[in-house]
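These notes concern the structure reproduced below.
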Amino acid sequence: MTKAVFSLVFVRRLNDEILLGFKKRGFGSGKWNGFGGKVEPAESVADCAVRELREECGLNAERVDEVGLLEFQFEGEDTSFEVHVFQTYNFSGELTESEEMRPKWFNVNEIPFKEMWPDDEYWFPYLLRGDFFTGNFLYRGQDLILKHNIEILEKP
Ligand SMILES: Nc1nc(SCCc2ccccc2)c2[nH]cnc2n1
């Protein structure tokens, strides 16, 4: 089982808005998601999160805080995805659509889960509440979760 490491970053504004991007092509296209991609050899996961955010929507995160760690396996595939989830409230720059992503602010009570990866509905409540979460999901294809486990580190 080879492991590929990815970053995924969610931008928050005030307390009730979150930035999502509609993936226009490539892996996960047709779904709303955070911004992210594959960690390159010479960078940290956090650096990757900042880089991918800027590349995909033009925003510069002053800092990113790790809020979760997810592992995804797809039945019959040898590679598993290790996804480090980050959040930031501190950003600058002008929101821009890219070839990859169409960004849009959502109210946290109106997350478009039906147009997102099925697992997101399991861990979004913890992301929004600021608890650190870990989870692993076994998929059949990209729509069916065969097995999953989630653990929460309650904030002190
Ligand atoms: N929310 C969410 N995201 C991903 S992939 C995120 C990491 C990534 C991978 C490739 C390109 C850009 C970003 C998922 N996979 C399975 N469930 C999932 N849920």
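All heavy atoms count here, side chains included; hydrogens, waters and symmetry mates do not. Note that ligands are numbered from 1 as they come in the structure, with each ligand's atoms numbered from 1 the same way.
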Numbered in order shown, the ligand 1 atoms found under 4.0 Å of a heavy atom of Trp123 are 1 (N)
Are Glu43 and Arg51 ion-paired here, with the side-chain N under 4.0 Å from a carboxylate O?
yes
For atom 11 (C) of ligand 1, grab the closest protein heavy atom and report residue, atom and distance to one decimal in Å.
Lys23 NZ, 3.9 Å
Quick one: do the Asp119 and Tyr139 side chains pair a donor with an acceptor below 3.5 Å?
yes
Which residue supplies the protein heavy atom nearest to atom 16 (C) of ligand 1, what is that atom called, and how far is it?
Trp117 CE3, 3.4 Å
With a 4.0 Å cut-off on N to O distance, would you call Lys38 and Glu52 a salt bridge?
no
Quick one: look up the protein heavy atom nearest atom 8 (C) of ligand 1 and list residue, atom name and how far away it is.
Phe6 CD2, 3.9 Å
Please state which protein non-hydrogen atom is closest to atom 3 (N) of ligand 1 and give its distance, to 0.1 Å?
Asn33 ND2, 3.0 Å
For atom 19 (N) of ligand 1, which candidate among Leu8, Ile145, Val5, Asp120 provides the closest heavy atom?
Asp120
With a distance cut-off below 6.0 Å to the six-membered ring centre and an angular limit of 45° from the axis, does Lys104 pair with Phe106 as a cation-pi contact?
yes
Atom 12 (C) of ligand 1: nearest protein contact (heavy atom, Å)
Gly36 O, 3.4 Å
Any idea how Phe10 and Phe124 line up, ring-wise: parallel (<30°), tilted (30 to 60°), or perpendicular (>60°)?
perpendicular
To atom 15 (N) of ligand 1, the nearest of Phe137, Phe124, Phe81, Phe72 on a heavy-atom basis is Phe72
Tell me whether Tyr122 reaches ligand 1 (any heavy atom closer than 4.0 angstrom to a ligand atom).
no
Using only heavy-atom distances, determine whether the side chains of Glu62 and Thr88 contain a donor-acceptor pair under 3.5 Å.
no
For Glu75, is there an ion pair with Lys147 - N to carboxylate O distance below 4.0 angstrom?
no
Around atom 17 (N) of ligand 1, find the nearest protein heavy atom and jot down its residue, atom name and distance.
Asp119 OD1, 2.6 Å
